[in-house]
Amino acid sequence: MDIRLHNTLTGRKDTFTPLRPDRVTMYVCGPTVYDYVHIGNGRPAVVFDVLFRLLRAKYGDVRYARNITDVDDKINAAAKEAQQPISTLTDRFAAAYEEDVHALGALEPTVEPRATHHIAEMIAMIERLIADGHAYAADGHVLFHVPSDPGYGVLSKRSLEDMLDGARVEVAPYKRDPKDFVLWKPSTPDLPGWDSPWGRGRPGWHTECSAMITKHLGDTIDIHGGGSDLAFPHHENELAQGRHLSDGEYVRFWLHNGMLTMGSEKMSKSLGNIVTIRELRAQYSGEVLRYALLSGQYRQALTWSEDLLKQSQASLDRLYQALLESPVGNVTDPSAFKSASIDEFPEAVLIPLCDDLNTPGALAAMHGIATDIHRANDPARARLLRDQLLASGWLLGILNEDPEAHFRAGAKVDPSEIEGLIVERKAARARKDFARADAIRDELLARGIELEDTRDGTRWKVRDT
RNA sequence: GGCUGGGUGGCAGAGUGGUCAUGCCCGCGACUGCAACUCGCGUUACAUCGGUUCGAUUCCGUUCCCAGCCUCCA
């Protein structure tokens with residue numbers, strides 16, 4: 001089955017084929033680590049994790065790099081405020097980020113490169129750009145000369161004329177052209193810096209990605225992902241550098257995820273309307289957050305709300321309910337499919353996923369499987385469907401918990417006490433003392449425990465009231 | 001203003017030129033001692049006005065509205 005992906009460069013869905021048939025290379029822009037990340041930062045981590053899983057199933061070898069930006073003026077400001085070295089701050093928040101996205105079910109990327117570990121590569125890259133006439137040193141800075149790149153603007157679909165020169169930013173006097181962007185800038189003694197041919201300084205934002213891509217993935221990569229707010233200027237600038245460094249194609253498929261909004265406005269730290277993954281994790285499981293993120297197609301804006309989380313939780317519970325009520329088949333959890341090839345996954349789920357990562361469509365197909373499980377009166381068929389549901393769970397990165405444990409997490413009543421009451425209620429029902437039986441059930445419900453009678457006996461779940 | 005992308009049933013959110021998305025919520029029915037779980041059912045949902053068509057929510061154009069980017073940003 002072909003995988004079709006929307007390529008920002010062409011503006012349409014194109015059939016994906018890797019440059020090398022046996023290997024896929026993918027780079028995704030990660031966060032700048034100067035604080036806890038918000039859930040909007042989690043969207044690319046989760047979305048491209050699904051793509052990573054899908055590509056692994058189809059091609060086997062996928063080299064996936066997700067970077068950490070650990071040198072940046074906001075970091076400098078935060079470190080100064082906290083009176084800490086920047087590395088103390090960035091180590092702390094990089095670790096927090098990894099924890100957060102791990103909780104969201106993201107697999108570890110092949111590499112998670114950090115900007116500060118690639119200063120030498122960046123300097124070498126800048127020297128090449130200068131030698132090739134695309135960059136120049138001025139006043140301690142090195143700038144990329146945008147007019148030297150005739151392709152500039154093809155990614156974000158804007159012409160040089162469209163960009164009003166210096167309309168919103170004062171143009172630095174050392175720039176030959178207002179659109180020129182910084183590859184390297186000087187550092188004062190109180191700022192982090194590295195020795196370079198242009199004096200002690202630090203890299204500009206766009207420099208790191210190109211250097212790390214070249215080092216870890218090669219001159220030409222298959223996929224570059226990130227938030228749509230990065231398309232311009234970040235990715236446009238990266239592409240300007242990259243196309244000259246790779247003498248040809250820099251990135252074959254540019255993928256951009258849409259923004260999360262709070263109400264109708266973009267979730268953004270500068271707007272102050274963020275909610276951190278850390279805060280959300282205190283109230284919801286990582287899987288619920290992941291389900292919520294995948295409930296919309298990745299290119300579309302997604303409105304983040306309490307209601308979305310409630311609906312996601314209920315929807316996820318329905319899938320777990322199907323697992324709970326069906327006989328265990330050949331496998332017990334989705335990780336059994338981590339090395340499975342693409343034809344081992346249900347087609348109904350693959351079809352939407354292969355169509356530009358239509359995760360809502362894939363989740364709908366999973367609900368279809370869940371319904372089929374409940375309808376199946378043949379245990380063999382139910383087992384087969386259960387395995388299919390778990391296989392789908394691997395691709396989407398959900399259903400990793402034991403179903404029973406899923407429904408019992410956070411119980412505030414001792415399980416042995418619950419079991420005792422269930423036995424007592426069973427006896428009451430046997431002697432037709434329904435008043436007593438119902439009293440036990442009501443009492444437990446008031447304490448957050450719900451009973452369900454099945455043909456195999458009574459089971460209990462946590463039920464928030 | 002320029003460039004992108006949107007406006008679908010109470011809510012979320014796919015998709016399609018002519019049967020059905022899906023989930024949540026709500027109601028009714030079945031199951032149950034009663035519930036819960038589960039299953040079944042729920043009238044013209046596709047911003048607006050035109051056009052193409054035997055037929056458009058889906059294609060083309062108009063109008064209105066919304067968001068993102070154009071500055072750091074996932």
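Proteins get letters first, then strands, A, B, ... in listed order; numbering begins at 1 in each. No experiment lies behind these values; they were computed from the predicted model shown.
- A salt bridge links A/E424 with A/R436; the closest basic N to acidic carboxylate O contact falls under 4.0 Å.
- Salt-bridge annotation for A/D72 and A/R202: absent, with no side-chain N of the basic residue lying under 4.0 Å from a carboxylate O of the acidic one.
- Rounded to whole Å, the separation between the C1' atoms of B/U52 and B/C11 comes to 35 Å.
- Annotation: B/U22 and B/G9 have their C1' atoms spaced 13 Å apart (nearest Å).
- Distance from the side chain of A/R318 is smallest for B/C24 among the nucleotides B/C72, B/C37, B/C24.
- Listed pair A/K266 / B/C69 meets the phosphate criterion, a side-chain N or O lying under 4.0 Å from OP1 or OP2.
- Residues from residues 250-261 of chain A that place a heavy atom under 4.0 Å from any atom of RNA chain B, listed by number: A/N257, A/G258, A/M259, A/L260.
- Atom CG of A/L319 is separated from atom P of B/C37 by 16 Å (rounded to the nearest Å).
- For the pair A/N7 (side chain) and A/R252 (backbone), a donor-acceptor distance under 3.5 Å is present.
- For the P atom pair drawn from B/G61 and B/U19, the interatomic distance equals 26 Å after rounding to whole Å.
- The base of B/G15 lies outside donor-acceptor range of the side chain of A/N358, with no N or O pair under 3.5 Å.
- To the nearest angstrom, P of B/A74 lies 17 Å from CH2 of A/W304.
- We find that A/R459 and A/E450 are not joined by a salt bridge, their nearest charged nitrogen and carboxylate oxygen being 4.0 Å or further apart.
- Taking 3.5 Å as the limit, the base of B/G33 and the side chain of A/R429 contain a donor-acceptor pair of atoms between them.
- Comparing B/G7 with B/C60, their P atoms sit 14 Å apart, to the nearest whole Å.
- Between the side chain of A/Q311 and the base of B/C11, at least one donor-acceptor pair of N or O atoms lies under 3.5 Å.
- Using a 30° and 60° split on the angle between ring planes, A/F16 and A/F253 fall in the perpendicular class, above 60°.
- Comparing the P positions of B/U16 and B/A47 gives an interatomic distance of 16 Å, to the nearest angstrom.
- The gap from the C1' atom of B/C49 to that of B/A14 amounts to 27 Å, rounded to the nearest Å.
- Taking a pair as Watson-Crick or G-U wobble with both distances under 3.5 Å, RNA chain B forms stems of 3 or more consecutive pairs at B:1-7 with B:64-70, B:10-12 with B:22-24, B:26-30 with B:38-42, B:49-51 with B:59-61.
- With sequence neighbours left out, the ring-ring contact (aromatic ring centres under 6.0 Å, His included) criterion links A/F52 to A/Y64.
- Contacts classified as salt bridge (Lys or Arg N to Asp or Glu O under 4.0 Å) and involving residues 142-154 of chain A (residues at least two apart or in different chains) are given here: A/D149-A/R243.
- The existence of a salt bridge linking A/K426 and A/D453 is excluded, since no basic side-chain nitrogen approaches an acidic carboxylate oxygen closer than 4.0 Å.
- The distance between atom CG of A/D372 and atom P of B/G40, rounded to the nearest whole Å, is 10 Å.
- Atom-to-atom, NE2 of A/H367 to P of B/G23 comes out at 7 Å; the value is rounded to the nearest Å.
- For the P atoms, the distance from B/C25 to B/C64 is 40 Å, rounded to whole Å.
- B/U58 and B/G51 have their C1' atoms separated by 15 Å, with the value rounded to a whole Å.
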Exercise answer: donor-acceptor pairs, residues 375-382 of chain A side-chain atoms, under 3.5 Å, sequence neighbours excluded:
residue: A/D378; atom: OD1; partner: A/A380; partner atom: N; Å: 3.2

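- Below 30°, between 30° and 60°, or above 60°: for A/Y250 and A/W254 the angle between ring planes is between 30° and 60°, a tilted geometry.
- No hydrogens or angles were tested; on distance alone, a donor-acceptor pair under 3.5 Å links the side chain of A/R441 to the base of B/A35.
- Residues of residues 276-298 of chain A that place a heavy atom closer than 4.0 Å to RNA chain B, in numerical order, are A/S295, A/G296, A/Q297.
- Between A/A322 and A/A370, the shortest heavy-atom distance links the atoms CB-CB, 3.7 Å.
- Residues A/T303 and A/Q321 both approach RNA chain B. Their nearest nucleotides, taken by heavy-atom distance, put A/T303 toward the 5′ side.
- When ring centroids are compared, A/H118 and A/H216 come within the 6.0 Å threshold.
- Nearer the 5' end of RNA chain B, as judged by each residue's closest nucleotide, is the contact made by A/L316, out of A/A437 and A/L316.
- Both tests hold for A/R53 against A/W394: distance to the six-membered ring centre under 6.0 Å, angle to the ring axis within 45°.
- Here B/C72 presents its C1' atom at 13 Å from CG of A/N41, a figure rounded to the nearest Å.
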